[in-house]
Amino acid sequence: MIEQDQTSQPNANQGAASLPKTYDPQAVEGKWYRFWEEQGYFKPRTSKTGKTFVISMPPPNVTGALHVGHAITATIEDIMIRYHRMVGDDTLWVPGSDHAGIATQTVVERELTKEGTDRHVLGREAFVERIWQWVHQYKHRIQDQHRRLGVSADWERERFTFDEGLSKAVREVFVRLYEEGLLYRGERIINWCPRCMSAISDLEVNHVDAQGSLTYVRYPLKPLEGTTGEQTEYIQVATTRPETILGDTAIAVNPHDPRYTRLIGRLAIVPVMGREIPIVADEAVEKEFGTGAVKVTPAHDPVDFEIGMRHNLPRVQVIDFDATMTAEAGPYAGLDRYEARKRLVEDLEKLGAVVKIEEYTVPLGHCDRCDTVVEPLISKQWFVKMASLATPAIGAVKSGHLQIVPERFTKVYMDWLENIHDWCISRQLWWGHRIPVWYCDNCGQMTVSREDVTTCPHCDSDKLRQDEDVLDTWFSSWLWPFSTLGWPDATPDLKHYYPNAVMETGYDIIFFWVARMVMAGTHFLGQIPFHTIYLHGLVRDAKGEKMSKSKGNVVDPLLVMDEYGTDALRFTLATSSTPGNDSKLVPERIVGNRNFANKIWNASRFVLMSTSGIGEGVPAPDTLQPQTLADRWILNRLARVTANATQLIEDYQFGEAGRQINDFFWSDYCDWYVEIAKVQMQGSEELRRSTAGILRSVLDQSMRLLHPFMPFVTEEVWQYLYRTSVTDESRWPAPALIVADWPLAQKQHFDAEAEQEFDLVQQTIALIRDARNQMNVEPARRVPVIIAAGRYAGMFSEQTALIEFLARTEKPELHAELSQKPEKAMSLLAGSVEIYLPLAGLLDLGKELERLDKELAQAQQEIGRLQGKLSNQNFVAKAKPEVVEKEREKLAAQQERLSKLTARRAELSA
RNA sequence: GGGCUGUUAGCUCAGUUGGUUAGAGCGCUACGUUGACAUCGUAGAGGUCACAGAUUCGAGUUCUGUACAGCCCACCA
């Protein structure tokens with residue numbers, strides 16, 4: 001562990017020589033996080049770009065520990081935030097957590113059950129107090145876990161959906177909607193969870209197909225007046241929920257169904273109950289399904305409820321709120337709903353009322369929270385009229401002011417908003433924002449108020465009762481992008497940071513949260529709350545299954561961080577997926593990225609040690625003077641990856657950006673340039689200084705590019721780099737990498753020639769290495785090499801030292817042309833460059849000829865393909881000229897190759 | 001019932017305006033301690049891009065259909 005000194009700069013006065021060989025995330029992460037936070041770097045700064053960039057963090061539920069879903073959210077958002085901070089935007093990330101009404105209540109109730117008690121024993125006040133204790137504990141836990149993930153949010157602006165300010169916002173919204181006529185209280189059929197003992201919204205119901213049955217039951221008809229009724233008539237209906245027969249108040253048929261037209265208006269008799277119910281005609285009935293006649297139970301089915309409204313039918317509630325049968329269920333009163341179903345069917349069979357029972361798959365609604373089968377029931381609840389709120393939210397996307405990434409979710413969003421239903425917002429819970437409505441027992445009037453009321457404004461009575469219910473938890477979340485900034489007060493934050501920039505979250509809460517935020521933002525503030533919605537996929541386990549506690553396949557991000565480090569976890573999450581698609585968290589990948597962090601560490605360690613005392617400073621890229629082809633090449637590659645990564649991040653392609661930076665750092669910088677630098681560092685003093693400068697500069701730029709993805713290892717390296725290279729702190733570009741400038745692609749370094757020429761050098765080296773391998777040349781042995789480089793002779797003459805070192809050859813013998821080709825030598829071709837390895841004793845002439853034949857065949861095939869293409873008039877005429885030109889160049893190259901191979905073959909076989 | 005996504009090397013995945021001989025990591029094979037890294041290096045093997053059509057000079061990439069896998073929405077009892 002590295003000691004701290006009084007400057008509070010964690011790496012102060014540490015030389016590079018003492019760096020450990022292996023990167024140890026645990027020794028590094030905490031100290032930098034504390035440093036960043038103490039220095040205030042998570043707080044917004046005056047914009048250098050004139051822009052702000054704001055994200056409101058989706059508030060995790062205070063129900064427990066963070067899981068990988070939170071980790072991916074935090075990672076992607078932190079990437080955006082750190083990028084924009086480095087770019088120079090006034091960047092704000094508002095963190096927070098969600099009181100999560102029903103979820104939290106359920107969790108705490110479970111605790112109580114364990115203790116052998118329940119909330120009713122405790123009473124409302126004590127129960128709520130108990131939940132607050134829970135909240136305080138878990139809020140801190142969530143904060144700490146977010147800190148470990150490297151989340152660079154402004155903790156001083158942290159909010160809770162149930163804190164004072166947000167409660168004020170909730171009331172404001174409730175009252176305003178009421179005043180606008182967009183809020184109403186009414187008896188409707190709603191989804192009722194008999195376990196939670198609360199209404200839930202449509203969205204909180206999960207439909208799961210279950211194996212059920214379709215029971216065909218015949219109801220006797222009441223004989224017509226004046227008939228004897230000797231021949232009993234029947235009407236047959238089919239039902240998946242026989243127990244609701246007890247609450248039937250009609251039978252409905254389609255008005256255009258000739259089978260039943262004559263029965264419309266007659267009365268049927270409910271079996272067992274003996275109640276007389278009318279046969280009505282209603283368009284909602286499908287002629288083709290079942291028998292074409294439907295039993296109507298207005299109290300227990302949404303469609304039936306509607307039919308009941310149209311025909312003024314009575315509602316008989318036979319299933320109670322606790323899922324047992326009511327007194328209305330007669331002989332079945334008190335039974336559980338399924339027991340009642342079973343008994344009733346038995347009884348019906350005894351009566352001969354059951355015609356048949358078919359196997360049938362029914363979509364069964366389950367409570368999103370506790371998985372209990374929900375029951376549609378009538379009850380008095382509060383609703384928000386959504387239609388007029390949805391219209392602007394649709395317009396926001398249609399007009400292009402709001403963009404959804406990936407684009408395909410636009411359709412999902414639109415379809416939901418275009419078919420929106422009213423939102424049931426009252427919940428029969430104790431944990432949540434109490435509904436700000438008071439009922440007067442004296443005058444019976446209702447008062448909706450922003451402030452608590454104690455006397456009735458209508459009659460001055462003090463016999464007031466506040467509505468017992470609380471609000472759906474999403475009724476506070478949908479205000480998040482502005483309630484966190486102080487709304488309804490006109491705070492400076494609100495003025496400055498609303499609208500936000502991006503809403504980043506999982507696609508599973510588009511309806512619950514995202515669409516509703518757009519509605520709330522546009523309605524209450526008149527501005528779309530963010531310009532972009534970025535939706536990430538779900539993180540699944542290695543087998544592709546959804547993680548769940550019950551399956552026991554949850555990956556705990558904390559354990560991953562303990563074992564592999566935060567950077568490894570973050571980089572894995574960021575690069576394992578493409579936007580909107582689910583990803584699997586595969587352990588091998590995390591290991592690979594732990595190795596990447598270690599690679600960064602070691603390359604940096606080498607650069608620090610080997611350049612120590614040579615030249616000075618960490619030069620800015622635009623001041624660099626490349627001395628060699630390799631210098632030009634690496635700076636070109638850096639410029640390209642910088643341009644690409646920047647564009648990719650701007651386009652929300654974080655995974656691809658990360659992969660490209662990784663590839664650049666590992667393959668180009670470490671595998672090639674750092675190796676080459678070992679040669680260049682042996683050269684002249686000028687070359688040594690220049691090489692050291694480039695090594696440091698490219699390392700610096702690489703750390704900047706990687707920082708949003710892997711904040712800890714990059715900060716550690718970056719600090720060492722400046723501390724050991726620029727001892728005068730006032731000359732540092734920034735006090736910390738987190739607030740250093742994002743790299744700009746240096747246009748002067750785009751260098752196609754260097755790219756092409758260096759490619760030849762790389763090919764040459766790889767070919768020699770391969771040849772050595774094939775011929776089993778001992779690794780330590782230097783082999784002679786003769787190169788005929790043609791027009792590249794000049795360029796190659798400067799690369800001989802590289803070839804010597806990297807391909808382990810003797811000093812290459814370099815020619816433009818060879819009048820006399822070496823005999824008994826293996827011959828290789830890098831483009832048009834001829835390479836000869838005179839390994840007399842090792843060369844097997846037969847094998848060599850075979851190899852040449854293979855290459856000849858390959859070249860011929862390629863030439864055939866290219867000639868075919870180029871002789872196609874359509875191709876030449878229609879393809880873009882540069883494409884045609886490219887093909888011509890390729891053909892020429894292959895022809896040159898062919899002639900060289902042919903010549904060589906002739907020489908060898910002669 | 002409606003909609004969406006995926007199907008690319010043994011495994012996990014990239015491949016965004018259609019344009020070289022389709023890439024990476026892991027795994028596998030061979031070699032390796034050349035002054036950062038064995039959490040490493042060098043080299044190699046490995047793919048009819050699910051299938052069938054269509055459009056095009058040209059398709060992993062666009063369109064249509066099929067199969068398989070998965071997800072979301074949904075008031076046919």
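Per chain, numbering begins at 1; letters A, B, ... match sequence-line order. In what follows, every heavy atom counts, from backbone to side chain, and hydrogens, waters and symmetry copies are set aside.
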Please report the distance separating the P of B:G47 from the corresponding atom of B:C40, rounded so that it comes out in whole Å. 27 Å
Can you tell me if A:Lys880 touches the phosphate of B:G18, counting only side-chain N or O atoms and a distance under 4.0 Å to OP1 or OP2? no
Taking the side chain of A:Pro779 as its heavy atoms from C-beta onward, which of B:G32, B:U34, B:U39 lies nearest to it? B:G32
Is the A:Phe664-A:Tyr673 ring centre distance short of 6.0 angstrom? no
For the pair A:Phe289 and A:Tyr360, name the ring-plane relationship: parallel under 30°, tilted 30 to 60°, perpendicular over 60°. perpendicular
Given B:G19, B:U42, B:C40, identify the nucleotide with an atom nearest to the side chain of A:Lys869. B:G19
With the side chain of A:Trp666 defined as its heavy atoms from C-beta on, choose the nearest nucleotide among B:C40, B:A36, B:G70. B:C40
I want to confirm an ordering. Mapping A:Lys411 and A:Glu656 to their closest nucleotides on RNA chain B, which one lands closer to the 5' end? A:Lys411
From the candidates B:U20, B:C13, B:C4, the one with an atom nearest any side-chain atom of A:Glu862 is B:U20
Can A:Lys678 be said to sit on top of A:Phe606's aromatic six-ring, NZ or CZ under 6.0 Å from centre and within 45° of the ring axis? yes
What distance, rounded to whole Å, do you find between the two C1' atoms, one in B:U55 and one in B:U8? 23 Å
Phosphate-side-chain proximity, A:Thr578 and B:A14, N/O vs OP1/OP2 below 4.0 Å: yes
Test for a donor-acceptor pair under 3.5 Å between the base of B:G58 and the side chain of A:Glu887, counting only N and O atoms. no
Using only side-chain N and O atoms of A:Lys584, determine if any of them is under 4.0 Å from OP1 or OP2 of B:C13. yes
Do A:Phe665 and A:Tyr669 have their ring centres less than 6.0 Å from each other? yes
Should the side chain of A:Lys21 and the base of B:A38 be counted as holding a donor-acceptor pair, with the cut-off at 3.5 Å? no
A:Thr22 has a side chain; which of B:C40, B:A36, B:U39 sits nearest to it? B:U39
Indicate, yes or no, whether a donor-acceptor pair under 3.5 Å links the base of B:A30 to the side chain of A:Gln774. no
B:G58 OP1/OP2 closer than 4.0 Å to side-chain N/O of A:Asn872: no
Selection from B:A43, B:U12, B:C40 that lies nearest to any side-chain heavy atom of A:Arg589: B:U12
Are any of the side-chain nitrogens in A:Arg781 or A:Glu810 under 4.0 Å away from the carboxylate oxygens of its partner? no
Nearest to the side chain of A:Phe875, heavy atoms from C-beta on, is which of B:A43, B:G19, B:C4? B:G19
For nucleotides 72-77 of chain B, list the nitrogen or oxygen atoms of the protein found under 3.5 Å from its nitrogen or oxygen atoms, one pair per line.
from	atom 1	to	atom 2	distance (Å)
B:A77	OP2	A:Tyr360	OH	2.8
B:A77	O2'	A:Ala238	O	3.1
B:A77	N6	A:Glu286	O	2.7
B:A77	N6	A:Phe289	O	2.9
B:A77	N1	A:Glu286	N	3.2

Hey, are A:Gln236 and A:Thr291 close enough side-chain-wise for a donor-acceptor pair under 3.5 Å? no
Parallel, tilted or perpendicular: which one describes the rings of A:Tyr23 and A:Trp601, with boundaries at 30° and 60°? tilted
Counting only side-chain nitrogens and oxygens, does A:Arg769 get under 4.0 Å of the OP1 or OP2 atom of B:A43? yes
Out of A:Asp567, A:Asn598, A:Thr572, which one pairs with A:Asn593 under the side-chain hydrogen bond (donor to acceptor under 3.5 Å, both in side chains) rule? A:Thr572
Among B:G35, B:A14, B:U39, which nucleotide has an atom closest to any side-chain atom of A:Gln682? B:G35
